[in-house]
Participant: 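The structure follows.
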Amino acid sequence: MSKRVRVRFAPSPTGGLHLGGVRTVLYNYLFAKKYGGDFLVRIEDTDQTRYVPGAEEYIFDTLKWCGLEPDESVQHGGSYGPYRQSERKESYRRYAEQLVQDGHAYYAFDTPEELEKMRQDFKTPENPSPQYDQTIRMKMRNSLTLSREDTAALLAAGTRHVIRIKMPAGETVSFTDMIRGEVSFDTGTVDDKVLLKADGMPTYHLAVVVDDQGMQISHAFRGEEWLPSAPVHILLWKYLFGLDQMPQWAHFPLILGPNGKLSKRDGAKYGFPVFAMNWADPKTGERTEGFKEKGFLPEAFINLLALLGWNEGTEQEIYSREELIEKFSMERVHSSGAKFDYEKAKWFNHEWMKRVDVHRLKPEVKALLSEKAIPVPDDKLLEKVIGLVKDRCTLLTDFVEQSSFFFATPETIDTGAVKPKWNEAKQLFFAELVRNYELADTWDAHTLENNFKEIASVNDLKPGELMLPFRIMLVGGKFGPGVFEIAAIIGKTDTIKRIETTLQLLK
RNA sequence: GGCCCGUUCGUCUAAGGGCUAGGACACCACCCUUUCACGGUGGUGAUACGGGUUCGAAUCCCGUACGGGCUACCA
């Protein structure tokens, strides 16, 4: 009886995909998969002036990285295409004309200059932004104020015009939002939105309704910023296809930045990424760092986004994609906005770092190290190192600092950390340690530690005071896993070499 | 200004009439660790305000305040 679940994500390809966009994708995806439905991506490129090369490609790359692949799209195919609105141009005019025929819309010939003049003329302190609505439409140049003949003549002459919806007076439009419950509007307070632009392209308002119907969308999800124009869309459904055909709506709460709505433009200012992946604006050349390049795992990114506005009602916080599909429910999506907390985001990533296994991390770490020109001799060694340090990496990029000393001699040695307490006895100790290690025929952490402690005790020195210097010698700084583990991995030659190098520096 | 949405620790949230208001991040302290982390224990910290409804309200209703969104031939 009920329709097959079909949902869509409808981005306009004008730039990078930010947090809120990805979360909208996620909730769409989870909902579709939970009910065995289809998730499709429709490109809303009806504004030709805002075309940004590469943006469409970027969106699909992002979805791929996130593991949220559509079932249908310009890239994935499907039987409801085209999935790019610019390629569906022809279908919209017909509907707009039909609305005019039925008296629900009208032709408007006002030029941009005239509209600007109207906004100036009617601007008052009480009404700072006058709208093209029922109170002023009879004062403008449109098929409502012009005679039938004049209108026909203008049209015949090819005069530039738009088609506007004629919002009825004194009606209440209401609908049930899956998240907010019943929401209602007084049609008299909504303006006569443009449906078809002068260039023949539809605006979002017309296109979303026509395409949702054409693509048999069962549930229409979008951000809360669309709530104010919902009555326009409801009316369009009523006039064009009937309310019984209309999808169910849900408006997601906004994700807020430190001050209000997360803005693409503020990308760099927050001190944390807002885009999923790096985005380079082709016009300005401006680069914005993404979560991916910042060192986030897609598993963590999805996880944190899911919990930003949805909660199962338990205390669980770590969810895999599969688990999210199983547990997600639209009823438990919040109605209030959520401020993004980068500290918590990093915590999610760290949790995933700890959970995920070495092989999952290997390709990423390998790429990262090679990017930094750090030589990795063999995979087995790399696996061992990853296993040893991954728990202390919050971000993928932390691997550089946490593991490079395994593969290359540290560039700088923090001798300052040991110099104040350095003395002759310690110098002699390490000289003896070198002689001892040179003769060692088993090279494992345990043996190394035993020999180290034995020499210390023979010389009446406390091992604790010698371990920090040893660490500095091998690692270069005060961090990393157990020192003897490190020595075991870097091997006899390098261990001895590093001790001697630092010994020289400390003399 | 108008319209719409919202309001539990600093942040994300749990508790959908009965409570010592729970958890997580962050912060602080201690423990563990002869580094740095991980981990463990504990602590600081919230129902915006005012009215109702009710035996009883964070929970339901109204008002106020505050926050956010929209107010383009952009989405």
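FYI, side chains are in, hydrogens and waters are out, and symmetry mates aren't considered; it's all heavy atoms of this structure.
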Participant: Roughly how many Å apart are B/C38 and B/A26, using the P atom of each and rounding to a whole number?
Facilitator: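 These two P atoms come out 8 Å apart once rounded.
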Participant: My understanding is that a pair needs two contacts under 3.5 Å, Watson-Crick or G-U wobble. By that rule, which nucleotide pairs with B/G50?
Facilitator: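 Base-paired to B/C62.
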Participant: Would you mind checking if A/Asp191 and A/Lys193 are paired as a salt bridge, meaning a charged N to carboxylate O distance below 4.0 Å?
Facilitator: yes
Participant: Determine, using ring centers only, whether A/Tyr58 and A/Trp279 are less than 6.0 Å apart.
Facilitator: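 Between A/Tyr58 and A/Trp279, which both carry aromatic rings, the centre distance is below 6.0 Å.
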Participant: Treating primed atoms plus P, OP1 and OP2 as sugar-phosphate and everything else as base, which nucleotides of nucleotides 70-75 of chain B get B, S or - for protein heavy atoms under 4.0 Å?
Facilitator: SBSBBB
Participant: For B/C38, measure the glycosidic angle (O4'-C1'-N9-C4 for a purine, O4'-C1'-N1-C2 for a pyrimidine) and name it syn if it falls within 90° of 0, otherwise anti.
Facilitator: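 This nucleotide is in syn.
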Participant: Measure centre to centre between the rings of A/Phe452 and A/Phe429, then say whether the value is under 6.0 Å.
Facilitator: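 That pair passes the under 6.0 Å test.
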Participant: Which part of the nucleic acid, if any, lies within contact of A/Val183, taking any heavy atom under 4.0 Å across all strands shown: a base, the sugar-phosphate backbone alone, or nothing?
Facilitator: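 A/Val183: backbone/sugar contact only, no base atoms under 4.0 Å.
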Participant: Expressed as a whole number of Å, how far does the C1' atom of B/C61 sit from that of B/G40?
Facilitator: 47 Å
Participant: Between B/C25 and B/A21, how far apart are the two P atoms, rounded to whole Å?
Facilitator: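 It comes out at 22 Å once rounded to the nearest Å.
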Participant: Nearest whole angstrom, please: distance from the C1' of B/A14 to the CD of A/Gln316.
Facilitator: 14 Å
Participant: Side chain of A/Ala338: nearest nucleotide among B/U34, B/C12, B/A14?
Facilitator: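 Nearest to the side-chain atoms of A/Ala338, counting from C-beta on, is B/C12.
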Participant: Once you round it to whole Å, what is the distance between P of B/A37 and CE of A/Met353?
Facilitator: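 Whole-Å distance recorded here is 17 Å.
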Participant: Just call it for A/Gly482: base, sugar-phosphate, or nothing, with non-hydrogen atoms closer than 4.0 Å on any strand.
Facilitator: base
Participant: Quick check: does any side chain N or O of A/Arg84 sit under 3.5 Å from a backbone N or O of A/Arg42, one acting as donor and the other as acceptor?
Facilitator: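 Side chain of A/Arg84 to backbone of A/Arg42: no pair is present.
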Participant: In whole Å, I'd like the distance from the NZ atom of A/Lys339 to the C1' atom of B/C9.
Facilitator: 14 Å
Participant: Between A/Tyr83 and A/Ile43, does the side-chain contact (heavy atoms from CB on, under 4.5 Å) criterion hold? Intermediate values first, please.
Facilitator: CA-CA 6 Å; A/Tyr83 292 91; A/Ile43 301 296; over 6 Å; no
Participant: Under 4.0 Å, counting only non-hydrogen atoms across every strand here, what does A/His350 touch: a base, just sugar-phosphate, or nothing?
Facilitator: sugar-phosphate
Participant: Within the structure shown, what part of the strands sits under 4.0 Å from A/Asn311 by heavy-atom distance: base, sugar-phosphate, or nothing?
Facilitator: sugar-phosphate
Participant: Taking the C1' atom in each of B/U13 and B/C30, what is the distance between them to the nearest angstrom?
Facilitator: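 To the nearest whole Å, 28 Å.
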Participant: Taking the six-membered ring for Trp, are A/Tyr204 and A/Trp226 closer than 6.0 Å centroid to centroid?
Facilitator: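 When the ring centroids of A/Tyr204 and A/Trp226 are compared, they turn out to be within the sub-6.0 Å range.
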Participant: Would a line drawn from the ring center of A/Tyr27 to the ring center of A/Phe252 be shorter than 6.0 Å?
Facilitator: yes
Participant: Which nucleotide, in any strand shown, forms a Watson-Crick or G-U wobble pair with B/G67, with both distances under 3.5 Å?
Facilitator: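 Looking at the geometry, B/G67 pairs with B/C5.
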Participant: Please report, rounded to the nearest Å, how far the P atom of B/U7 is from the CD atom of A/Glu224.
Facilitator: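 In whole Å, B/U7 P and A/Glu224 CD are 10 Å from each other.
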Participant: Measuring from the side chain of A/Leu308 (C-beta onward, heavy atoms only), which nucleotide among B/G69, B/C38, B/C12 has the closest atom?
Facilitator: B/C12
Participant: Just the rounded figure in Å: distance from C1' of B/U34 to CG of A/Leu448.
Facilitator: 17 Å
Participant: Can you tell me whether the side chain of A/Lys344 and the base of B/A24 have a donor-acceptor pair closer than 3.5 Å?
Facilitator: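 Such a pair exists between side chain and base.
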Participant: Considering residues at least two apart in sequence or located in another chain, which fulfil the side-chain hydrogen bond (donor to acceptor under 3.5 Å, both in side chains) criterion with A/Lys344?
Facilitator: A/Glu317
Participant: Students often get this wrong, so: under 4.0 angstrom with heavy atoms, is A/Arg471 touching a base, only sugar-phosphate, or nothing?
Facilitator: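 Base contact.
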Participant: In whole angstrom, what separates A/Leu388's CG from B/U35's C1'?
Facilitator: 14 Å
Participant: Using the C1' atom as the point on both nucleotides, what is the distance between B/C12 and B/A65, in whole Å?
Facilitator: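 My reading of the C1' atoms in B/A65 and B/C12 gives 24 Å.
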Participant: Tell me what A/Phe185 touches on the nucleic acid: a base, only sugar-phosphate, or nothing, going by heavy atoms under 4.0 Å.
Facilitator: sugar-phosphate
Participant: Under a 3.5 Å limit for both distances, which nucleotide forms a Watson-Crick or G-U wobble pair with B/U11, could you say?
Facilitator: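 B/U11 is paired, partner B/A24.
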Participant: Assert yes or no for the condition that the ring centre distance of A/Tyr270 to A/Phe340 is strictly below 6.0 Å.
Facilitator: no
Participant: With heavy atoms under 4.0 Å as the rule, sort A/Lys462 into base, sugar-phosphate or nothing.
Facilitator: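 Contact class for A/Lys462: none.
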Participant: Assess the pair A/Tyr107 and A/His161: is the distance between their ring centroids shorter than 6.0 Å?
Facilitator: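 Ring-ring flag for A/Tyr107/A/His161: true, centres closer than 6.0 Å.
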Participant: Select from A/Glu449 and A/Asp391 the residue whose nearest nucleotide in RNA chain B is closer to the 5' end of that strand.
Facilitator: A/Glu449
Participant: Nearest whole angstrom, please: distance from the C1' of B/C12 to the NE2 of A/His334.
Facilitator: 9 Å
Participant: Does A/Gly480 or A/Trp347 map to a spot on RNA chain B nearer the 5' end, using the closest nucleotide for each?
Facilitator: A/Trp347
Participant: Who is the Watson-Crick or G-U wobble partner of B/C38, with both distances under 3.5 Å?
Facilitator: none
Participant: Could you work out which one of B/A15, B/G68, B/G6 sits closest to the side chain of A/Ser335?
Facilitator: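 Closest nucleotide among those given: B/G6.
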Participant: For B/A72, give its Watson-Crick or G-U wobble partner with both distances under 3.5 Å, or none.
Facilitator: none
Participant: May I ask you to say what A/Thr394 touches in the nucleic acid, namely base, sugar-phosphate or nothing, with a heavy-atom cut-off under 4.0 Å?
Facilitator: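 Here A/Thr394 touches no strand at all.
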Participant: Among B/G1, B/C4, B/U7, find the nucleotide with the atom closest to the side chain of A/Leu227.
Facilitator: B/C4
Participant: Between A/Ile486 (CD1) and B/C36 (P), how many Å, whole number?
Facilitator: 14 Å
Participant: Does B/A15 have its OP1 or OP2 closer than 4.0 Å to a side-chain nitrogen or oxygen of A/Arg332?
Facilitator: yes
Participant: Looking at every strand, decide which applies to A/Pro481 at a 4.0 Å heavy-atom threshold: base, sugar-phosphate, or nothing.
Facilitator: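 Since a base atom lies under 4.0 Å of A/Pro481, the category is base.
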